[in-house]
Number of protein chains: 2
Amino acid sequence: MADPKKRFEAIIQKLRDNGHKLTPQRLAIVKILAKSEGHPSVESIHVRIKKEFSTMSLATVYRNIVLIKSLGEVLELGFPDGSNRYDGNNPEPHPHVICIKCKKIVDPDLDSLDEMKKEVAVETNFKILNHRLDFFGICGDCMAAKV
Amino acid sequence: MADPKKRFEAIIQKLRDNGHKLTPQRLAIVKILAKSEGHPSVESIHVRIKKEFSTMSLATVYRNIVLIKSLGEVLELGFPDGSNRYDGNNPEPHPHVICIKCKKIVDPDLDSLDEMKKEVAVETNFKILNHRLDFFGICGDCMAAKV
DNA sequence: TGTTAATTGAAAAGCATTATTATTTGATTG
DNA sequence: CAATCAAATAATAATGCTTTTCAATTAACA
Ligand SMILES: [Mn+2]
Ligand SMILES: [Mn+2]
Ligand SMILES: [Zn+2]
Ligand SMILES: [Zn+2]
């Protein structure tokens, strides 16, 4: 895991470099994304910030995520059911392990993926630019909690 | 690739066994899914069948896909942008290679995934039940077509 | 401090999918 | 080979998440 403070600074600097204003709402969103503990959703970001800024609009969270995404500083994990989770701590594509019970999302250590990518490129004659790998299952906590 | 005729029969039999009627609309949908050439979308299935049944409703395509999915006879590839593609020829989870230019979807041969799944299970203490692996890139045809 | 373009909040619009409902129809039975 | 009836269909309305709109606000810069 990258240092959240360094990630925060890096994202802020990127915003500055591209001529974007640093509003309190924006800073609050970046702060949460820099850590991305548990891979937050738009909704959970909104709820957390509302405690401090009661007028914070959901549209503002969406808008800022679109902006930060366009700068390549947050990884969006969009799911077919329409839900989205974010990782601003590590914005590069990487595998995820998702608990279908408690919705926890974890970053596993896996290095065999690069080799796999090369295999696929050779076999299919594609130029591979990106990838997405999700494992779905039940986490240890939820297994233990089962009756 | 499985034999489309055998897949067609298998899906039809599954429908019969579960007490579902075999309507002409349903048979037309199953026929396309059994082959799943190019991993069709709801829209492309609808367009193809409309040529024969001009009154075919889009809702009917959706309904039947939900049904066939519930019987485990089609794999749904849902994308974050809301689009969906289907594979009724091989309904088990498997990797896909997707061309971002022409939207072609290909099934690569990859066997190292099972091992990876075991690694992840051990490392994260999850019980892995399912997975999704997509590679995004540009296919040979689109590379060649580039000016 | 004043100027200005970016950003915001609130509400409306957009859009793929799902639900509703009246009508039609496949399958079963005798 | 009809009659029956639950299942399926077509058409349309509703849903729910995300984006857009627009007037008001504000960060940045001189
Ligand atoms: Mn992650
Ligand atoms: Mn496939
Ligand atoms: Zn869990
Ligand atoms: Zn292509």
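In this text the structure is predicted, and so the values were computed from the model without any measurement. Reminder, nothing fancy here: chain letters follow the sequence lines and each chain counts from 1.
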Side-chain (Arg26(A)) to main-chain (Asn64(A)) donor-acceptor, under 3.5 angstrom:
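Not confirmed, Arg26(A) side chain does not pair with Asn64(A) backbone.
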Hey, is the main chain of Leu22(B) close enough, under 3.5 Å, to the side chain of Arg16(B) for a donor-acceptor pair?
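Flag not set: sc Arg16(B) to bb Leu22(B) has no pair under 3.5 Å.
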Just the rounded figure in Å: distance from [atom2] of [N] to [atom1] of [X].
{"X": "Leu22(A)", "N": "dT7(C)", "atom1": "CG", "atom2": "P", "value": "9 Å"}
{"X": "Ile12(A)", "N": "dA27(D)", "atom1": "CD1", "atom2": "C1'", "value": "13 Å"}
{"X": "Glu52(B)", "N": "dA10(D)", "atom1": "CD", "atom2": "P", "value": "13 Å"}
{"X": "Ile65(A)", "N": "dT19(D)", "atom1": "CD1", "atom2": "C1'", "value": "13 Å"}
{"X": "Leu27(A)", "N": "dT8(C)", "atom1": "CG", "atom2": "P", "value": "10 Å"}

May I ask you to test the [X]-[Y] pair for a side-chain heavy-atom distance under 4.5 Å?
{"X": "Val106(A)", "Y": "Glu123(B)", "answer": "no"}
{"X": "Leu113(A)", "Y": "Met116(B)", "answer": "yes"}
{"X": "Asp87(B)", "Y": "Ile105(B)", "answer": "no"}
{"X": "Glu37(A)", "Y": "Ile32(A)", "answer": "no"}
{"X": "Phe126(A)", "Y": "Ile98(B)", "answer": "no"}

Which residues in residues 78-87 of chain A have at least one heavy atom lying under 4.0 Å from any atom of DNA chain C?
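Nothing qualifies; none.
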Please write out each protein N/O paired with an N/O of nucleotides 28-30 of chain C under 3.5 Å, distance rounded to 0.1 Å.
none

With sequence neighbours excluded, what pairs up with His39(B) under the ring-ring contact (aromatic ring centres under 6.0 Å, His included) test?
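Here the qualifying residues are His96(B).
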Quick one: on DNA chain C, does Arg16(B) or Val42(B) contact a more 5' nucleotide (nearest heavy atom)?
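So the residue in question is Val42(B).
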Ignoring hydrogens and angles, write down the donor-acceptor pairs under 3.5 Å from the side chains of residues 70-84 of chain A, residues two or more places apart or on other chains.
| residue | atom | partner | partner atom | Å |
| --- | --- | --- | --- | --- |
| Ser70(A) | OG | Leu67(A) | O | 2.5 |
| Glu73(A) | OE1 | Arg7(A) | NH1 | 3.0 |
| Glu73(A) | OE1 | Arg7(A) | NH2 | 2.9 |
| Glu73(A) | OE2 | Lys14(A) | NZ | 2.7 |
| Glu76(A) | OE1 | Lys69(A) | NZ | 3.1 |
| Glu76(A) | OE2 | Lys69(A) | NZ | 3.2 |
| Glu76(A) | OE2 | Tyr86(A) | OH | 2.8 |
| Asp81(A) | OD1 | Ser83(A) | N | 2.8 |
| Asp81(A) | OD1 | Ser83(A) | OG | 2.7 |
| Asn84(A) | ND2 | Gly82(A) | O | 3.4 |

Using a cutoff of under 3.5 Å, can you pull out all pairs of nitrogen or oxygen atoms linking the protein to nucleotides 7-9 of chain D, with atom names and distances?
| residue | atom | partner | partner atom | Å |
| --- | --- | --- | --- | --- |
| dA7(D) | N3 | Lys21(B) | NZ | 3.2 |
| dA8(D) | OP1 | His20(B) | ND1 | 3.2 |
| dA8(D) | OP1 | Lys21(B) | N | 3.3 |
| dA8(D) | OP1 | Arg26(B) | NH1 | 2.8 |
| dT9(D) | OP1 | Thr23(B) | OG1 | 2.7 |
| dT9(D) | OP2 | Asn64(B) | ND2 | 3.4 |
| dT9(D) | O3' | Gln25(B) | NE2 | 3.1 |

Return the CE to NZ distance between Met143(A) and Lys127(B), rounded to the nearest 0.5 Å.
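NZ of Lys127(B) is found 5.0 Å from CE of Met143(A).
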Counting the atoms with a prime plus P, OP1 and OP2 as sugar-phosphate, which does Leu58(A) contact under 4.0 Å by heavy atoms, base, sugar-phosphate, or nothing?
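Counting heavy atoms under 4.0 Å across all strands, no contact is made by Leu58(A).
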Residues forming a side-chain hydrogen bond (donor to acceptor under 3.5 Å, both in side chains) with Asn130(B), sequence neighbours excluded
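In terms of side-chain hydrogen bond (donor to acceptor under 3.5 Å, both in side chains), with neighbours along the sequence ignored, Asn130(B) is linked to no residue.
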